[in-house]
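These numbers were taken from a predicted model, which means no experiment stands behind them.
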Amino acid sequence: MDATQLIEDVIDREGGYVDHPADRGGPTRFGITQAVARAEGYTGPIRELPRAAAASFYRHRYWQAPAFDRVALRAPVLAAELFDTGVNMGPAVAATFLQRVLNALNRAQRDWADIAVDGNIGTKTLQALDALLATRGPTAETVLVKAINALQGERYLRLAETRPANEAFLYGWLAHRTT
């Protein structure tokens, strides 16, 4: 699976320049914050961030660096969900969701050993994913996506409950689903 369409879809969804007063991340362009743009080497005004630069940042920071591209080789729908979750909540949060679910689905470590819930997808996380897919068959990917969606929804709700300004975003967060 190539992430190009996922990236184009998120850029289209996020739109151009936005400076919502309730957004703690500050102004964005194509969903890229100034902090992310600076971390990726962009020095110009965020309002003028080129679309191609945003696409490059998404590919590097939200697809390749968290190893969602490696997940895609095994479970492309899951990888798309991890990408989407990573864009909205951070790649480490998405990876942590996956690791938590893999640990909860290993039947008390009968199918594979628990893995570290560290937000980094490495060899052990990928081996656990491979084991789940082999053990549970074609429905395993769907179950993983549902579990990650449940964790994502709970986190969105908690964000709105603990910071009322986030209520401005809750409906949109919950309305958007990649799967």
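The side-chain heavy atoms of Asn103 and Arg100, taken from C-beta on, include no pair separated by under 4.5 Å. Asn88 places none of its side-chain heavy atoms less than 4.5 Å from the side chain of Arg155. Taking 4.5 Å as the limit, every side-chain heavy atom of Leu98 sits out of range of all side-chain heavy atoms of Val101.
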Acceptor/donor pairs from residues 14-24 side chains to any protein atom, 3.5 angstrom cut, sequence neighbours excluded:
unit_1: His20; atom_1: ND1; unit_2: Ala22; atom_2: N; d: 3.0
unit_1: Asp23; atom_1: OD1; unit_2: Gly25; atom_2: N; d: 2.8

Contacts under 3.5 angstrom, residues 115-126 side chains, donor-acceptor by atom type, not counting sequence neighbours:
unit_1: Asp118; atom_1: OD1; unit_2: Gln99; atom_2: NE2; d: 3.0
unit_1: Asp118; atom_1: OD1; unit_2: Asn120; atom_2: N; d: 2.9
unit_1: Asn120; atom_1: ND2; unit_2: Asp118; atom_2: O; d: 3.4
unit_1: Thr125; atom_1: OG1; unit_2: Gln99; atom_2: NE2; d: 3.1

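We find the CG-CE distance between Leu151 and Met89 to be 9.0 Å, quoted to the nearest 0.5 Å. In this structure, Glu167 CD and Leu157 CG are separated by 9.5 Å, a value rounded to the nearest 0.5 Å. The CZ atom of Phe97 sits 13.5 Å away from the CG atom of Leu144 when rounded to the nearest 0.5 Å. The distance from atom CD1 of Ile32 to atom CD1 of Ile11, rounded to the nearest 0.5 Å, is 7.0 Å. The structure places CD of Glu81 at 4.0 Å from OG1 of Thr85, a figure rounded to the nearest 0.5 Å.
Pro91 approaches Tyr62 most closely through the heavy-atom pair CG-CD2, 3.6 Å. Of all non-hydrogen atoms in Leu105 and Trp112, the two that sit nearest each other are O-CH2, 3.6 Å. Counting all heavy atoms, side chain and backbone alike, Phe68 lies closest to Leu82 at CE1-O, 3.4 Å. In plain terms, the two heavy atoms of Phe83 and Ile7 that are nearest each other are CZ-CG1, 3.9 Å. Shown here for Gly153 and Leu174, the closest heavy-atom pair between the two residues is CA-CD2, 4.1 Å. Closest non-hydrogen pair, Gln5 versus Asp9, comes out as NE2-OD1, 2.7 Å.
Every pair passing side chain to side chain donor-acceptor pair (under 3.5 Å) that includes a residue from residues 25-46 is listed here, sequence neighbours excluded: Glu40-His60, Glu40-Arg61. Within the structure, side chain to side chain donor-acceptor pair (under 3.5 Å) pairs that include any residue of residues 128-144 comprise Arg74-Asp130 (at least two apart or interchain). Each side chain to side chain donor-acceptor pair (under 3.5 Å) pair with one or both residues in residues 48-59, not counting sequence neighbours, appears once here: Asp2-Arg59, Thr4-Arg59, Glu8-Arg51, Asp12-Arg51.
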message: I'd like to know whether Leu132 forms a side-chain contact (heavy atoms from CB on, under 4.5 Å) with Val143, so could you lay out the CA-CA distance, the side-chain angles of the two residues, the decisive distance to 0.1 Å, and finally the verdict.
response: CA-CA 10 Å; Leu132 175 71; Val143 169; over 6 Å; no
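In this structure Asp114 satisfies the salt bridge (Lys or Arg N to Asp or Glu O under 4.0 Å) test with no other residue, sequence neighbours excluded.
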